[in-house]
Amino acid sequence: MNIDLDNNKQTTKSFMEILEERLIEKFGKKIVEYGNEPCNYHRVTDANGYATYTGPCGDTMQVWIKVSQNVIKEIGFKTDGCVFTRAAGSVLTELAKGKQIEEALQITPLQVDNDLGGLPEDHKHCALLAKDALGKAIENYNDSKDKIR
Ligand code: FES
């Protein structure tokens, strides 16, 4: 029997495509997409607020903010954490961008969790790590602002 290998290549999904489909089934599209390709995943070179924070699980998140007229104009983060941490950092930074700093401080881990469609029970703390890291960056901004006065 002859097998048309070229045709077979076109119709068969790649292993990676199948894996991604399974992950999306299990964790949801947003978590998988942001986990693979996080947004705002960069340093902000002219930031005026910065923090590096390590959560109880041992993962660290760095957050940079550029605040102007009390509004977070730019925000970026980096982490050595898992896909859920990258997804949580992506959503949190998206929610915080363009907000006044007081409003950004009101963002809750539950909001981040809901926006992602629900983190797994054993990764709920990833949203808390992101929120705490942002809180520390805002604290750093407030402290340095006070020193300049
Ligand atoms: Fe530690 Fe996600 S596993 S913050």
Side-chain angles (χ1 to χ4, degrees), residues 9 11-149:
K9 265 186 214 157
T11 54
T12 307
K13 285 181 186 168
S14 75
F15 174 74
M16 292 310 287
E17 285 172 325
I18 294 168
L19 185 63
E20 186 163 328
E21 277 178 16
R22 296 284 188 280
L23 288 171
I24 289 172
E25 273 170 32
K26 188 163 183 183
F27 300 116
K29 201 171 171 43
K30 206 163 185 179
I31 288 178
V32 173
E33 284 182 355
Y34 276 151
N36 283 335
E37 287 181 42
C39 65
N40 304 312
Y41 199 71
H42 55 79
R43 293 163 190 263
V44 176
T45 46
D46 55 349
N48 49 11
Y50 166 76
T52 180
Y53 178 69
T54 302
C57 68
D59 291 336
T60 300
M61 188 176 285
Q62 294 173 291
V63 174
W64 293 263
I65 52 173
K66 173 79 197 281
V67 180
S68 173
Q69 296 179 329
N70 206 43
V71 172
I72 298 177
K73 299 281 189 189
E74 280 184 60
I75 184 165
F77 80 102
K78 294 259 181 185
T79 182
D80 63 0
C82 60
V83 291
F84 304 108
T85 317
R86 291 198 294 275
S90 297
V91 163
L92 182 86
T93 52
E94 279 298 280
L95 289 172
K97 205 188 294 177
K99 285 204 167 50
Q100 297 208 333
I101 53 175
E102 295 79 9
E103 292 172 331
L105 285 168
Q106 300 302 312
I107 299 167
T108 65
L110 185 61
Q111 260 177 286
V112 173
D113 191 3
N114 288 341
D115 197 276
L116 283 169
L119 288 159
E121 279 308 315
D122 57 346
H123 283 278
K124 298 285 183 200
H125 69 273
C126 304
L128 181 61
L129 176 76
K131 189 242 179 321
D132 286 346
L134 173 63
K136 301 265 179 216
I138 290 174
E139 220 174 273
N140 174 256
Y141 165 74
N142 283 331
D143 287 351
S144 42
K145 187 181 69 174
D146 289 346
K147 278 179 201 147
I148 291 166
R149 276 185 197 153

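Atom set for the values below is all heavy atoms of this structure, side chains included, hydrogens, waters and symmetry mates excluded. When a ligand or atom number is given, it counts from 1 through the structure's own listing order.
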How about Glu37: does its CD atom have over 12 heavy atoms from other parts shown lying under 6.0 Å from it? no
All heavy atoms of Gly35 vs all of Arg86, minimum pair found to be O-NE, 2.8 Å
Which atoms of the protein, restricted to N, O or S, are nearer than 2.8 Å to atom 2 (Fe) of ligand 1? Thr85 OG1, Cys126 SG
With heavy-atom distances below 4.5 Å as the criterion, would you say the side chains of Asn142 and Ile101 are in contact? yes
Quick test of your reading of the model: are Glu74 and Lys97 salt-bridged, counting only N-O distances below 4.0 Å? no
Minimum heavy-atom distance between Arg43 and Trp64, given as atom pair plus value: CG-CZ2, 3.3 Å
Applying the side-chain contact (heavy atoms from CB on, under 4.5 Å) criterion to Asp132, which one of Leu129, Leu128, Leu134 satisfies it? Leu128
